[in-house]
Number of protein chains: 2
Amino acid sequence: MTDTEKKYNIAFVGAGNVAWHLAQAFTGAGHKVKAIYSRSTATSEQLASILPEAKPVQSLDFTGSAVDVILIAVPDAALQSIAFKIKVAPGTIVAHTSGSQPLNILNLVHGAQPAVFYPLQTFSKTKTLDLKQVPILLEAEQQSTLQQLELLAQSISTKVHKVDSEARRQLHLAAVFACNFTNHLLGVSQQLLQEANLPTELLHPLVQETIAKATEQPPFQVQTGPAIRHDNNVIQTHLHMLQQHPRLQELYQKLTESIQATQV
Amino acid sequence: MTDTEKKYNIAFVGAGNVAWHLAQAFTGAGHKVKAIYSRSTATSEQLASILPEAKPVQSLDFTGSAVDVILIAVPDAALQSIAFKIKVAPGTIVAHTSGSQPLNILNLVHGAQPAVFYPLQTFSKTKTLDLKQVPILLEAEQQSTLQQLELLAQSISTKVHKVDSEARRQLHLAAVFACNFTNHLLGVSQQLLQEANLPTELLHPLVQETIAKATEQPPFQVQTGPAIRHDNNVIQTHLHMLQQHPRLQELYQKLTESIQATQV
């Protein structure tokens, strides 16, 4: 068996969207997901039921289980308190999957090799994804830990990067702008279309072309619209149209100012 | 010759991105673009040079030219003053291509059949586009004018809609949120990645998945990220990270508030 064929025994702490996709991808790549812990027994049972060797577990003490890697896929806000409770055999790799949390939050896990295994994608259980194209960002203090995780990551994705905690934190911030905030604006846009009884699909080609353009050229350089044209008649009309939505009016104003203040 | 095969003689006022794409699409569909007016002789000559029958013209008096349809594709801010100067033979269809301007702005063109022919897409000269998939939004007072424009529009696009001025204005506002503002956020995100020396392609799969999700399901219902989770630790860290960028800090704050205030 070559190194790239090495198969791992894996446990998950957390059974949400991230665990759901990773656990299936690992299984598909020949690794064994042995145990799944979740605060909610129902969700850990649900995930375990679709994996051949997995058992739902109700304890965070993994000292007796023969696992090589424990992946913690829990909400950021729960990570610290969960990490504090995990017990492992010395040398077990314990990796969290968070974009915003530092590596050293896992120093709380006694005897573990702390690491980060961050899949840079938005997951939902109902939507299948090609993980091969999803960047996986790794971090570990120990070179040997990093090498192990690289083999594991490369078995499910072609885009594996080493990124330290500070850069990952900035990447997560960038993702909030590019994805979470963008999604909200698409929601606002849909709401405005619905108010005018217009089909929401009408804007899909325009949105798709906007995104295609912005991934081919620097977005600031291909900015269009009334803000960058300093078209005050249109801007004032739009602000007037939003007077029943003071929150959206303010968003419009701030985004317009930001576009106009951007140095290209 | 059936009605759907009817070919039109067309003139353009304006030779920018919109005229560039429409004129080529019309020519490809067998219509004749006869004349192109632009304030800049260089751009009208450039566009005319790639069309078999088109001549650059320096007058807005079309009373002597045998054109069926005049399309005004100029910046919104210039539309009113340009319309005021156009002279046409009685009954000529004069359509503007603006998303934000009302039909009746063309009442200034004496004797014309005013109309709107609004292609809902973002155009740049350097990027070819499949116009067949671009929604074209039509408006006219006269039923006969609308029918003529429908034939013309259907010859280049499969997505032709009749939309009145008020709904079109709201659509344009929605497009500013979905496209112009979204593009700006993608630019901000790229700037943040560059500051951390991270490759900007890293976020492309996440952006593409976000957009795919938001076109399949209502965006407000699939919102993710620290704002919707009310994850104040992460939000405060992000605001702190943006302290060198007060404008972006304010945008982050307003968008977070808007996400949290949205009723789903």
request  = Tell me, yes or no, whether the heavy-atom count around A:Glu141 atom CD, taken from other residues, nucleotides or ligands under 6.0 Å, exceeds 12.
outcome  = no
Proximal component of B:Pro75, with respect to chain A [non-hydrogen, under 4.5 Å] = neither
task = Check whether more than 12 heavy atoms from other residues, nucleotides or ligands sit under 6.0 Å from atom CD of A:Gln194, and answer yes or no.
result = yes
request  = Would you please say whether a donor-acceptor pair under 3.5 Å links the side chains of B:Gln121 and A:Glu209?
outcome  = no
query = Could you give the distance from OG1 (A:Thr256) to CG (B:Asn180), rounded to the nearest 0.5 Å?
reply = 9.0 Å
note = So SG of B:Cys179 and CG of A:Leu203: to nearest 0.5 Å the spacing works out to 6.0 Å
ask   = Between A:Phe220 and B:Gln191, what is the shortest heavy-atom contact and its length?
value = CE1-OE1, 3.5 Å
remark   = salt bridge (Lys or Arg N to Asp or Glu O under 4.0 Å) pairs touching residues 219-240 of chain A, sequence neighbours excluded, are A:Arg229-A:Asp231, A:Arg229-B:Asp76
message = Taking every non-hydrogen pair under 4.5 Å, which of A:Thr210, A:Thr200, A:Asn232 racks up the most with chain B?
response = A:Thr210
inquiry  = Between B:Gln101 and A:Val234, does the side chain to side chain contact (heavy atoms under 4.5 Å, CB included) criterion hold? Intermediate values first, please.
reply    = CA-CA 9 Å; B:Gln101 298 301 307; A:Val234 171; 4.0 Å; yes
task = May I ask you to decide if A:Leu193's main-chain N or O and B:Gln170's side chain share a donor-acceptor pair within less than 3.5 Å?
result = no
inquiry  = Would you say that B:Leu186 contacts A:Thr215 through its side chain, given a criterion of any heavy-atom pair below 4.5 Å between the two side chains?
reply    = no
inquiry  = Less than 4.5 Å to any heavy atom of chain B: does that hold for the side chain of A:Ser100, its backbone, both, or neither?
reply    = side chain
ask   = When rounded to the nearest 0.5 angstrom, what distance separates CG in A:Leu202 from CG in B:Leu137?
value = 5.5 Å
query = Among B:Gly99, B:Pro135, B:Ala212, B:Ala214, who wins on heavy-atom pairs under 4.5 Å with chain A?
reply = B:Pro135
message = Between B:Lys254 and A:Glu250, does any side-chain N to carboxylate O distance fall below 4.0 Å?
response = yes
inquiry  = Does any backbone or side-chain atom of A:Val176 lie under 4.5 Å from a heavy atom of chain B? Answer side chain, backbone, both or neither.
reply    = side chain
task = Side chain from CB out, backbone as N, CA, C, O: work out which of these in A:Glu216 comes under 4.5 Å of a heavy atom of chain B, or both, or neither.
result = side chain
task = Answer whether the closest heavy-atom distance between the side chains of A:Asn183 and B:Pro219 falls below 4.5 Å.
result = yes
ask   = B:Phe181 and side chain to side chain contact (heavy atoms under 4.5 Å, CB included): which partner among A:Thr182, A:Leu185, A:Val188?
value = A:Leu185
ask   = Quick one: what part of B:Val222 sits under 4.5 Å from any heavy atom of chain A, side chain, backbone, both or neither?
value = both
request  = Select one option (side chain, backbone, both, neither) describing which atoms of B:Ser258 are under 4.5 Å from chain A's heavy atoms.
outcome  = both
remark   = Taken to the nearest 0.5 Å, the spacing of B:Thr237 OG1 from A:Arg169 CZ works out to 6.5 Å
task = Under 4.5 Å, counting heavy-atom pairs only, tell me which of B:Asn233, B:Thr224, B:Val207 racks up the most with chain A.
result = B:Thr224
task = Kindly check if the number of other-residue, nucleotide or ligand heavy atoms within 6.0 Å of CZ (A:Arg247) is above 12?
result = yes
ask   = What residue, out of B:Leu129, B:Leu171, B:Leu248, has the most heavy-atom pairs lying under 4.5 Å from chain A?
value = B:Leu171
query = Does some side-chain heavy atom of A:Ile228 sit less than 4.5 Å from a side-chain heavy atom of B:His184?
reply = no
Nearest-0.5 Å distance, NE2 of residue B:His204 to CD of residue A:Gln133 = 13.5 Å
ask   = Picking from A:Ala175, A:Ala196, A:Pro205, which has the most non-hydrogen pairs under 4.5 angstrom with chain B?
value = A:Pro205
request  = With a 4.5 angstrom heavy-atom cut-off, could you sort out which part of B:Glu166 is near chain A: side chain, backbone, both or neither?
outcome  = neither
request  = Examine whether an atom of B:Leu198 lies under 4.5 Å from a heavy atom of chain A, and if so say whether it belongs to the side chain, the backbone or both; otherwise answer neither.
outcome  = side chain
key: OG1 on A:Thr122 to CD on B:Gln208, rounded to 0.5 Å   = 13.5 Å
